[in-house]
K.L.:
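Below: one structure in structure tokens.
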Amino acid sequence: MASITLKDVAKVYPGGGGTRAVDNFNLEIADREFVVIVGPSGCGKSSTMRMIAGLEDITEGKAYIGDTLVNNVPPKNRNIAMVFQSYALYPHMSVYKNMAFAMKMRHVKKAEIDVRVRETAEMLGITHLLGRKPRALSGGESQRVALGRAMVRNPEVFLLDEPLSNLDAKLRTDMRAEIVKLHKKLETTFIYVTHDQTEAMTMGDRIVLMNHGRIVQVDSPKDIYDYPVNVFAAGFIGSPRMNFADCEIIERGGEYFAKLGEGGEHLISLTGVNASRPELAALTGRRVTFGIRPEHLGVTAEMDDTESRFGGGTADIVEALGAETNIYVDFPGGLRFIVREFNDKPVARGQRISVDIQPGKIHIFDTETGEAVTGRRRHGAPPATEKAAPPAVKTGDAPTDISSGNDTELADQIAAGVADAIAEADGGDDA
Amino acid sequence: MRESTRAEKLISMCYLLPSFVGVMVFFVAPFAQIIRYALVDNPIANNFVGIENFIKVFENSAFRRAAGNTARFSVMAVPLAVALSLLLAMLLEAQIPGKSKFRTFFLSPMMVPVASIVLIWQVIFDYNGALNGVLASIGVTPFDWMKSDYSHVIIVVLFLWKNLGYNMILFMAALSNIPKALLEAAAVDGASALRRFWQIKFRFLTPTLLFVTILSLINSFKVFREVYLLTGDYPYEDLYLLQHFMNNTFKSLDYQKLSAAAIIMGLFMALIIGILFIVEGRLGKDVEQ
Amino acid sequence: MTGELARKTKAPLTLAERRAVRARRRRAIRIALAALWCGVFAVVFLMPTVLTFANSFMTESEITSNYGAVFEKNDQGGKKFIAERVNLKLIPDKVTFSQYATTFLKSPDYLLKFWNSVILVLPIVVFQVAIAALAAYSFMRTRGRIKELLLFVYIFVMLMPYQVTLVPNYLVADSLGILGTRWSIVLPGVFAPFSVFILTKGMRRIPYSLIEAAKLDGAGEWHIFSKICLPMCKGSLFSVAILVFIDYWNMVEQVLIMMPDADKQPLSVFLSQINTGEIGLAFAVATIYMVPAILLFLYGEEYLIEGITYSGGLKG
């Protein structure tokens with residue numbers, strides 16, 4: 001059991017033209033914590049894990065396991081176990097021998113090996129597989145054996161590299177829960193790498209969101225969902241992903257509104273939005289990005305005209321998923337939003353519907369930098385409706401969020417590549 | 001996405017060391033000596049003579065004959081070796097019963113030591129041999145095959161007998177790598193069998209085809225073994241090959257000629273191998289998934 | 001067939017059915033033709049081997065009467081045409097083991113040559129494969145520009161014919177003072193790069209994550225090599241061993257140049273120098289000589305094919 005500290009870690013691959021696969025990586029992982037590193041393909045999450053494992057050199061910076069600096073400690077002396085995406089079971093050894101191999105390499109006594117292998121197998125329900133060779137195992141069984149091989153030698157840290165991506169959907173859901181249970185039982189530090197935001201949301205104590213080799217945000221699943229620091233984080237977490245639209249902030253009668261659509265067809269009140277008045281004031285007249293998650297839009301019965309009304313539109317595509325329905329709605333002014341509706345109201349294709357919005361859930365991003373304006377001072381900060389304005393917080397200043405130390409550069413990248421990054425995030429894995 | 005640490009590189013070098021030292025000592029390093037020998041008049045006087053030794057080799061009638069015979073043999077043997085082995089591979093593709101048995105049969109000559117079957121070969125192609133017997137019975141005047149213009153043909157047959165199996169396996173591997181879905185898609189689209197062959201199979205086979213061609217060419221330079229076992233040190237002059245020339249030069253211990261000849265042949269092989277690599281690089285990419 | 005015919009006469013077939021029947025028949029004919037061709041080729045391919053084998057069980061007198069004419073020399077040592085024809089026979093008049101008995105009991109010379117072959121070939125196979133396995137591991141574990149260049153040099157040397165490689169071999173053997181001894185053949189054989197090439201291809205097929213898993217499991221390089229890579233490459237190791245064996249079991253060129261001393265020469269060179277009057281014996285010896293190769297072939301055909309397939313294409 002150990003904590004892990006990464007200080008200014010960077011990875012540059014030789015022959016990669018100096019590209020920094022991982023850069024400026026600072027993270028403290030507490031003992032027994034379950035941390036999920038998530039991000040699109042090629043974001044550097046696997047490299048980070050492999051540096052922790054010692055499978056790759058750390059180009060710059062320092063890595064500690066516990067209090068020990070491990071930059072030059074070979075992997076076998078780090079007391080780390082890893083579960084590989086491909087499981088990496090030795091095909092010429094039986095399951096028993098696969099599990100015993102690490103202990104044999106460490107000259108553990110035969111009798112003790114036997115006890116521990118059998119205990120672990122019992123715990124995972126794979127005792128009946130011990131005599132089999134890996135090729136005689138199903139995907140789910142291989143997965144359990146891979147976990148067993150990692151568990152059996154009581155490592156201080158567990159690294160899991162996309163361990164579920166080769167399983168079918170149903171097994172994946174089961175194994176997800178099981179790995180979380182295992183973490184509770186083993187009381188060991190878990191680091192879990194995935195490109196799948198659902199896995200990240202459901203499994204981790206904390207999520208480390210990466211993009212282009214850098215950390216974008218480190219937060220609990222709920223906070224990363226509620227308060228994404230920028231457009232990338234907002235788009236990556238959540239499915240279907242957040243709706244974005246260009247907008248303009250205007251002030252009318254002491255109240256702030258977001259004007260959306262090509263001709264400014266939609267005027268959405270920003271009352272209740274998670275940003276201070278000076279913050280909003282600083283944005284008036286500037287191009288900003290408006291974001292709202294599909295689940296924070298809803299279909300209303302009538303064309304009522306309340307504060308929460310977003311507007312009327314035409315349902316273009318209706319995906320009924322049983323418990324929920326995703327409706328792609330075209331609004332005047334060239335807006336197209338997805339509405340995620342949990343009520344069992346039948347909506348037909350082409351039907352005119354009225355959509356309402358939860359104003360407190362609106363996100364505002366600076367279009368130039370990509371950074372979120374909303375949710376900056378969420379820790380004990382008063383709501384935006386407060387009249388007494390605190391000292392102005394200018395766009396571009398470091399947010400209070402603990403994660404980002406390198407915002408301006410990062411923000412540039414994000415502004416440039418938001419769309420790309422999000423498209424990438426939808427599928428694939430580290431090449 | 002994989003990279004090795006410095007320590008790993010060091011240990012890895014240790015594993016390579018025995019082989020590396022051996023290859024350098026026995027194959028690569030002596031070439032420095034060979035180049036020196038090729039450029040001087042004799043190893044004691046050590047007078048630099050430039051390319052004189054090379055000119056001497058080129059002007060040597062024995063070398064010319066050996067090179068000519070070797071080339072003639074290659075020109076005959078290589079196209080046949082490629083075409084027939086492809087034919088064999090495609091015959092076996094046709095889902096005939098006992099396919100694996102036939103494969104075993106075709107591959108077996110490769111494993112039979114040439115020395116063991118040379119007797120039978122002599123019995124067949126000798127002046128008093130079985131072939132002449134058959135020919136005589138149909139009224140053809142017998143002649144000594146091994147000492148005639150047909151001597152090449154006999155060696156070609158022996159070469160084919162020995163090498164077809166190996167090439168066939170390479171072709172079979174290539175044929176089995178053609179994506180079935182592609183062939184099925186073409187069949188569904190109404191492409192005829194002939195069209196399917198040229199448009200799909202042939203395209204996928206091209207890299208292997210060229211590889212086998214060049215491999216056969218290289219193998220055809222090694223046919224000395226068969227010729228020697230059949231005819232001994234002094235074959236019919238049509239069968240005097242480059243290796244015969246080298247053997248005789250070794251016997252006379254003419255290091256200058258030997259070195260110059262080795263360099264000439266080495267450069268020629270380098271050219272062929274270079275072509276092989278380029279072909280691999282160009283065509284390999286085309287069909288790799 | 002008759003059933004099909006009967007059915008055909010009973011009910012007229014639709015167009016589609018008729019077309020299907022025709023297609024099936026065409027397919028059958030095609031397969032039959034292919035099989036026929038294969039049969040012809042098979043006879044041609046097997047003939048020399050089978051004849052050698054069959055002839056080794058004939059009596060000396062039968063051999064002489066069948067083939068005597070071939071090995072008859074005239075006064076000048078040349079061939080003369082004899083009206084009496086050679087008789088290629090598959091089945092001996094009388095099966096006898098007398099030729100084998102003679103080989104083992106009365107002609108120790110042949111057995112000695114056989115032994116010469118064994119003590120030349122076995123060390124080459126064992127050490128070439130062992131050294132190559134280490135080198136291939138190195139080529140698999142770390143890759144870089146220098147490594148790839150080196151592998152290129154290996155392939156280059158591998159593809160060179162004896163006309164070229166024997167010259168450096170000879171010079172080194174000369175300066176080491178081992179010319180004329182078995183070492184002059186064994187040492188270049190041990191370091192020949194063929195196995196390195198094939199084994200590198202085999203090893204590079206091992207998923208790299210397995211090696212990383214072994215590293216995390218606490219295995220050092222030697223254990224990764226011996227406990228993970230070697231067992232996983234069993235097939236390639238065996239196929240390489242077969243290919244190396246057959247190549248050297250057949251050796252001629254090196255022997256002629258490095259070791260002119262007939263006493264040390266292997267059977268592969270000596271077999272072609274049989275004398276008249278010993279033809280029967282020669283067939284028996286030839287058969288004995290091909291037995292290890294054939295057994296290896298029958299036992300390891302799958303591995304052999306794997307090895308050949310690996311040799312196709314030069315890239316790892």
Side-chain angles (χ1 to χ4, degrees), chain B residues 2 4 8-9 11-12 15-16 18-19 22-23 25-27 30-31 33-34 91 94 96 102 104-106 108-109 111-120 122-123 126-130 133 144 166 169-170 173 211 218 221-222 225 228-229 242-243 246-247 250 258 262 265-266 269 273 280, chain C residues 31 34-35 37-38 42 45-46 48-49 51-52 67 69-70 79 81-82 85-86 88 131 134-135 137-138 141-142 156-157 159-161 163-165 167-169 171-172 188 191 193 196 208 221 246 249-250 252-253 256-257 268 271-272 282 286 289-290 293-294 297 301 305 308-309 312 314:
Chain B
R2 103 184 196 225
S4 12
E8 282 175 349
K9 279 187 180 138
I11 298 169
S12 160
Y15 280 75
L16 186 58
S19 168
V23 169
V25 168
F26 281 93
F27 294 95
F31 255 94
Q33 184 76 344
I34 289 170
L91 281 178
I96 54 161
F102 281 116
T104 306
F105 293 158
F106 297 158
S108 67
M111 288 303 281
V112 176
V114 184
S116 286
I117 51 90
V118 145
L119 284 170
I120 287 298
Q122 283 172 342
V123 163
D126 193 83
Y127 193 26
N128 294 322
D144 197 341
Y166 195 103
I169 298 294
L170 291 177
F211 183 80
I218 291 168
F221 296 134
K222 300 177 179 170
R225 196 174 274 187
Y228 175 81
L229 292 175
L242 281 168
Q243 184 70 40
M246 293 306 269
N247 285 1
F250 266 112
L258 207 56
M265 283 186 267
M269 289 307 296
I273 296 167
E280 271 256 313
Chain C
I31 287 176
W37 273 107
C38 281
F45 274 91
L46 288 177
T49 316
L51 276 173
T52 306
Y67 308 129
V70 172
K79 290 278 167 67
F81 180 62
I82 299 175
R85 288 285 151 223
V86 153
L88 271 183
I131 288 171
L134 289 168
Y137 178 70
S138 174
R141 273 297 267 115
T142 55
F156 212 76
V157 174
L159 291 174
M160 285 287 168
Q163 290 97 294
V164 179
T165 57
V167 181
N169 288 172
L171 293 180
V172 174
F191 294 113
V196 178
Y208 203 71
E221 292 295 326
I246 192 60
W249 197 244
N250 233 334
V252 172
E253 295 90 337
L256 295 179
I257 283 165
S268 50
L271 254 177
S272 67
Y289 198 56
M290 63 187 192
I294 298 278
F297 175 53
E301 194 188 341
I305 287 166
I308 295 172
T309 311
L314 295 177

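Labels below follow one simple rule: chain letters A, B, ... track the order of the sequence lines, proteins then strands, and each chain is numbered from 1.
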K.L.:
With a 4.5 Å cut-off on heavy-atom pairs, point out which of C:Ala293, C:Cys38, C:Pro161 contacts chain B the most.
P.N.:
C:Cys38
K.L.:
May I ask you to decide if C:Ile257's main-chain N or O and B:Asn247's side chain share a donor-acceptor pair within less than 3.5 Å?
P.N.:
no
K.L.:
Could you look at C:Glu301 and say if it's the side chain, the backbone, both or neither that has a heavy atom under 4.5 Å from chain B?
P.N.:
side chain
K.L.:
What pair of heavy atoms forms the shortest contact from C:Phe191 to B:Pro18, and how long is it?
P.N.:
CE2-O, 3.5 Å
K.L.:
With a 4.5 Å heavy-atom cut-off, do B:Met111 and C:Thr49 have their side chains touching?
P.N.:
no
K.L.:
Are C:Leu134 and B:Leu16 packed together at the side-chain level, in the sense that at least one heavy-atom pair is separated by less than 4.5 angstrom?
P.N.:
no
K.L.:
Would a 4.5 Å heavy-atom cut-off, applied to side chains only, mark B:Leu170 and C:Thr309 as touching?
P.N.:
no
K.L.:
Restricting to non-hydrogen atoms, name the atom on B:Ser108 and the atom on C:Leu46 that form the minimum distance, rounded to 0.1 Å.
P.N.:
OG-CD2, 3.7 Å
K.L.:
Do you know which of B:Ser19, B:Pro109, B:Ala262 has the most heavy-atom pairs under 4.5 Å to chain C?
P.N.:
B:Ser19
K.L.:
Sequence neighbours excluded, which residues qualify as side chain to side chain donor-acceptor pair (under 3.5 Å) partners of B:Tyr228?
P.N.:
none
K.L.:
Counting heavy-atom pairs closer than 4.5 Å to chain B, which one of C:Ile131, C:Ile31, C:Ile308, C:Thr52 comes out on top?
P.N.:
C:Ile308
K.L.:
Less than 4.5 Å apart, any side-chain heavy atom of C:Phe297 and any of B:Thr104?
P.N.:
yes
K.L.:
If we define contacts as heavy-atom pairs under 4.5 Å, which of B:Val118, B:Leu91, B:Ile218, B:Leu258 has the most with chain C?
P.N.:
B:Leu91
K.L.:
Could you grab the distance from atom CD1 of C:Ile305 to atom OH of B:Tyr166, nearest 0.5 Å is fine?
P.N.:
12.0 Å
K.L.:
Quick check for you: to the nearest 0.5 Å, what is the distance between B:Phe221 atom CZ and C:Met160 atom CE?
P.N.:
10.5 Å
K.L.:
Tell me every residue that passes ring pair (Phe, Tyr, Trp, His ring centres under 6.0 Å) with C:Tyr137, counting only those two or more places apart in sequence or in another chain.
P.N.:
B:Tyr15, C:Phe225
K.L.:
Is chain B contacted by the side chain of C:Val172, its backbone, both, or neither, given a heavy-atom distance below 4.5 Å?
P.N.:
side chain
K.L.:
Ignoring hydrogens and geometry beyond distance, is a side-chain donor-acceptor pair present between C:Ser138 and B:Ser12 at under 3.5 Å?
P.N.:
yes
K.L.:
Give the member of C:Pro193, C:Pro48, C:Ser268, C:Ala135 that has the highest number of heavy-atom pairs under 4.5 Å with chain B.
P.N.:
C:Pro48
K.L.:
What distance separates C:Glu253 CD from B:Arg225 CZ, expressed to the nearest 0.5 Å?
P.N.:
4.5 Å
K.L.:
Of the listed residues (B:Phe31, B:Phe102, B:Phe250, B:Phe105), which shares the most heavy-atom pairs with chain C below a 4.5 Å separation?
P.N.:
B:Phe250
K.L.:
Atom CD of C:Glu221 and atom CD1 of B:Ile11: how far apart are they, to the nearest 0.5 Å?
P.N.:
4.5 Å
K.L.:
For residues B:Phe26 and C:Pro188, report the shortest heavy-atom separation together with the two atoms involved.
P.N.:
CD2-CG, 3.9 Å
K.L.:
So, taking the atom named CG in B:Leu229 and the one named CG in C:Asn250, what distance separates them when rounded to the nearest 0.5 Å?
P.N.:
7.5 Å
K.L.:
C:Phe45 vs B:Phe106 aromatic rings, parallel, tilted or perpendicular, using cut-offs 30° and 60°?
P.N.:
tilted
K.L.:
Answer whether the closest heavy-atom distance between the side chains of B:Met246 and C:Val167 falls below 4.5 Å.
P.N.:
yes
K.L.:
To the nearest 0.5 Å, how far apart are OG1 in C:Thr165 and CZ in B:Phe27?
P.N.:
6.0 Å
